[in-house]
Every structure is written in C-alpha cells, then in structure tokens.
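Shown next, in structure tokens, is the structure this report addresses.
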2 protein chains.
Amino acid sequence: MPKRVVPETDRRRRRPTKQGQVLTHQLIVETALRMLREHGADGLTARRLGLALGADASTVYRYFRGMDDLILAIADELFAHAMAGWRSTGDWRSDLRELGLRIHHAYLAHPQAAVLTASRVTGRPNEVAADETILGVLRGAGFPDADAVRIYHAFIDQSLAFSILDAATLALPVAAREADEEVWQDTYARLPAATHPNIAATAALLVARMNDSAYPTALDMLLSSASAQLRG
Amino acid sequence: MPKRVVPETDRRRRRPTKQGQVLTHQLIVETALRMLREHGADGLTARRLGLALGADASTVYRYFRGMDDLILAIADELFAHAMAGWRSTGDWRSDLRELGLRIHHAYLAHPQAAVLTASRVTGRPNEVAADETILGVLRGAGFPDADAVRIYHAFIDQSLAFSILDAATLALPVAAREADEEVWQDTYARLPAATHPNIAATAALLVARMNDSAYPTALDMLLSSASAQLRG
DNA sequence: TCATCAACGTCAATGGCGTTGGCATAAGGA
DNA sequence: TCCTTATGCCAACGCCATTGACGTTGATGA
C-alpha cells in the first residue's frame, strides 16, 4: 500500500488549484492563522482550510502529515512573528523584557493558535532561533552557563504560562466568554453576605477588573531577581 | 419540537441502566475524570463515557446540557478536590502558599481535565468557595479591600497560569510527549556551534532539565511582594 | 521530440464525533 | 388504578480527520 509521503522541499513549480490558487507551506500556514482568528480554534478544519485555499480538504495532506504537523508549523510561525526585526539594545534587562513582551504579544495576537500550540516543543527554525537569542542575551550579560540556563527556563516558563492563560481566555468562543461574564455579574455580585462575606464585601472590585494583564509585572519581578543574582 | 430538558435536582429514584448501574451527576463526573486520566483529553467522548457508565451516549444528555456543561462540572470538581479538608493555620502567608499549592496539585493530578477547563469561570459552588476562602485570608490578614482584590487576582492568575502550563505538558498524548522529547535530544543537542553558539555551549544543561516545576518559586516571590506591601 | 516519473489536486469512502427526536418503560403521586 | 414525568435507549443527522486510488501536470533526460 503506497503511503502518502510529504516532500520536505518545493523542488517543482506548483500546479494551481481549480480556483487558480498556487499553494505553498507558508500560504497554508497564513491561511490557517487567518481562519483561526476569524472562526476560532474549532473553526480550523481540514475541509474549511481546503475551501479557503480554493482546494480540497485532502490537499492539505500533501503539505502536512496531519493537523498536528500543521499546528507545529503554526507554532513556529508565532515565534517568527515574535522575533521579526528584533535588535539588541546592549542592555540585557531591557533586551529580555522586550523579548518576553514580544512572545506575549505574539500569543495574544493569535490566541486561538496559541491555545492549540501550548507547551509543544517544535524544534523548528524560528523557535530555535528565539532560544538561541535568549541564551545569547543571558550569557552575554555575564551569567555563568548554569545560571543562564536556569534563568532561561524561568523566563520561558513565566512568559508561556501567562501567555497561555491570557490566550486561553481570549480564545474562548464568544458564547463561552459571554457565559463566563454573566457568571461574574450574576453569581459573584449577588452572593449573600451571610454565606460569603468576603466576596460580598468586595464584589464591586472583583467584578470590575477583567483582564488587565498581570504578565509585565511578573516579568519585572523575574528580572529584579536575576539582577540581584548577577550582582551577588 | 420538544426540547430536551435537563432537570436540576434528583427528585426521583433512578432507574438502573441495562448493566445495572444507577447514575448520578457525581458518578458521571467521577467517571469522566477517570476516563480523562486513562485515555487523555481526546479519549473523553460522549459515546465512551456512556459505555463506561454501562449506558448509552445519549444518556449523558439527560444529566448535562452538553459536553461543555459537563466540562464546567469537572472544573468545579477540581476545586472540590483542591479545597477538601483545608483549615487555616492562622498565618496568612502559609495559608496562601498552601492554597496555591493545593490548586496547583489539583490541576496536576488531572492534567487532561485542567487543560479542558483552563480559564473558564464556572461560578459553581466549589470554585466560589475557593474564592471566598482566598479573599477571607487576605482580608483577615489586614489588607484593605482594594489591595486584597489586587493580590487575589495576581495570586489566582499566577496559580492558574503555571498550573495550566504544567498541565498542558502533562496532558499531551504520549506520542506528542515522545516527539517533543526527541526534538530536545535530536535538535537542540546537535546544533552546530557555528550557527547556534549559545545553544551549543549549554546543550547539556538545557536538555537535562525537564519539568522541575517553577511555580513554587514564583509563588514565594508573590508572597514576598505582598508582605512588603502590608508592611509599607 | 517524447517517454518517464514525481508531485499533487480531487474523489470517494471509512469510522468516529456531538447532538437530538422519538419511543418505551418504570417510578411516584392521585 | 391511572397519569405524569424522569430516564434509558435507538436511529439518525451532519460534521470531522484521514487515506487509497486515480487522473493530470510539469520537469527531466535521452
């Protein structure tokens, strides 16, 4: 039985689809990202992706081994967005802060994609380049290798953790977002003081705040800690 | 067209299934949690859940409005596990640290469930009870309401962010876990120093570390910051 | 010039999924 | 006893990812 094989490179000019579209890996990834933003995480299906490309669902399988393979490609695309045009300022703390915020913003710009790719290790070029850059900043700052790696892990963990949390909230289907918002308004704001004195006392403050990102603050805490370590 | 209605309470004795099982909401949630642990997030389907209960898939819809409703019930069950048997020690810092670790451990004990429920607001009893408890600890410590709410949000954000990240890693299908591990070993450990000097120099350190949770450290940083705020 | 061959778009089919309408049955209440 | 209601089950709908087979295209080389 001849197994379907996905070629690694584009050695041959592509034949256009019925609708005249010429496909490439990059085009498919970009289309998938657009579909994710417009239709949510559940809206990205092989059928719909094919349709958006002016092609058949099965055509996607000529380019990717399956949806998981496509998702990893999307994950790497996020890192490409995050790192595009980055330049060192010479100051490791502002470099690291900038890198963290770039990753965070790349996730928030495509929350549905971010949720799908959460915690995957792709080993693909753009993700590897980001790792190389971060380690370079830390080693260039003078951290011994062991410390640099420890801070690298803490930095990545913190960046990804908050990014995934925020993205997961943003990526919820509109219906779920509205249901959750209703729960805040209807449940928390109306709990009786007799059974829930602390929620009742702070209900207005609790419900008022929605989604002012906590990540930048956490990032600064991490950088302060690393600075102390470098001086000490 | 008669819409299927899910009754809120169990006012009537249940009729056993063909296999003699008597169903309750609680039993279904517990069975779903077991299926999640044993078969992964994709392994929880209405058909399989029905089968595991000795019933039909559609029977689940007599108890829950749909899979989303079931997932919210599962989310609340995680909070029940986290809070079971909790008692205040009288010291707000150790109380808060304990609560954070309890939530973290509840997530890690059911990573597949944690991923499904990430960032949902259920407003159901156990989640609300946890919120009431946390706010009670902070207000009892002497924080003014505005500060208590701010720290509550930071605490919850941090706890959930790291829990979701760790759970997402643990919840990956075995195949994906192995693929990611291979990427670490095969890609990062073999990058040439010419193109990736920093990864090449620290490859052994990078690859050696897998999943020593960063959350407790981050939690302690948060508590130190809150302490300073209370004293200042 | 033309045969060969790999690339790749499309079709049809498979087996799984969530969900729902309809029906049969059993438990209480009257 | 009869009626209402809860509830289990069946069959069906439309969706999904994936794959084998087939036809067509373009590049290559003799």
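Below, chains carry the letters A, B, ... as their sequence lines are ordered, and counting in each starts from 1.
Side-chain N/O atoms of A:R47 include one lying less than 4.0 angstrom from OP1 or OP2 on D:dC16. A sub-4.0 Å separation between OP1 or OP2 of D:dG8 and a side-chain N or O of B:Y63 is present. At the phosphate of D:dC9, OP1 or OP2 sits under 4.0 Å from a side-chain N or O atom of B:T59. For the pair B:S58 and C:dT20, the criterion of a side-chain N or O lying under 4.0 Å from OP1 or OP2 is not met.
A donor-acceptor pair is defined here as one N or O able to donate and one able to accept, closer than 3.5 Å; such a pair exists between the side chain of A:T117 and the backbone of A:A114.
Listed by first then second residue, pairs satisfying side chain to side chain donor-acceptor pair (under 3.5 Å) with a partner in residues 42-55 of chain B number zero, not counting sequence neighbours. Applying the side chain to side chain donor-acceptor pair (under 3.5 Å) test to pairs two or more places apart or on separate chains, those with a residue in residues 124-134 of chain A are A:D69-A:R124, A:D76-A:N126, A:T122-A:E127, A:D131-A:Y152, A:D131-B:Y188, A:E132-B:N198.
Between atom CD1 of residue B:I103 and atom CZ of residue B:F162 there is a gap of 14.5 Å, rounded to the nearest 0.5 Å.
The closest side-chain heavy-atom distance from B:D180 to B:R177 is not below 4.5 Å. Looking at heavy atoms from C-beta onward, B:Q26 lies in side-chain contact with B:E77 at the 4.5 angstrom threshold.
A straight line from CG of A:L27 to P of C:dC8 spans 14 Å, rounded to a whole angstrom. Following rounding to the nearest Å, A:Y61 (OH) and C:dG9 (P) show an atom-to-atom distance of 15 Å. In this structure, B:L70 atom CG and C:dG18 atom P are separated by 10 Å, rounded to whole Å. If you measure from atom CG of B:L116 to atom P of C:dG18, you get 12 Å, rounded to the nearest angstrom. The CZ atom of A:F64 sits 12 Å away from the P atom of C:dC8 (whole-angstrom rounding). Regarding B:D69, its CG atom lies at a distance of 15 Å from the P atom of C:dG18, rounded to whole Å. Atoms CG (A:L44) and P (D:dT18) sit 11 Å apart, rounded to a whole Å. The separation between B:L53 atom CG and D:dC9 atom C1' is 14 Å, rounded to whole Å.
Among the nucleotides D:dA17, C:dG18, C:dG22, the one closest to the side chain of B:R62 is C:dG22. The nucleotide whose nearest atom lies closest to any side-chain atom of B:M67 is, among C:dC17, C:dG18, D:dT18, C:dG18.
Residues from residues 31-41 of chain A with heavy atoms under 4.0 angstrom of DNA chain D: there are none.
No side-chain N or O of B:T24 forms a donor-acceptor pair with one of B:Y63 less than 3.5 Å apart.
Checking A:D56 against A:D42, the closest nucleotide of DNA chain D that is more toward the 5' end is the one next to A:D42.
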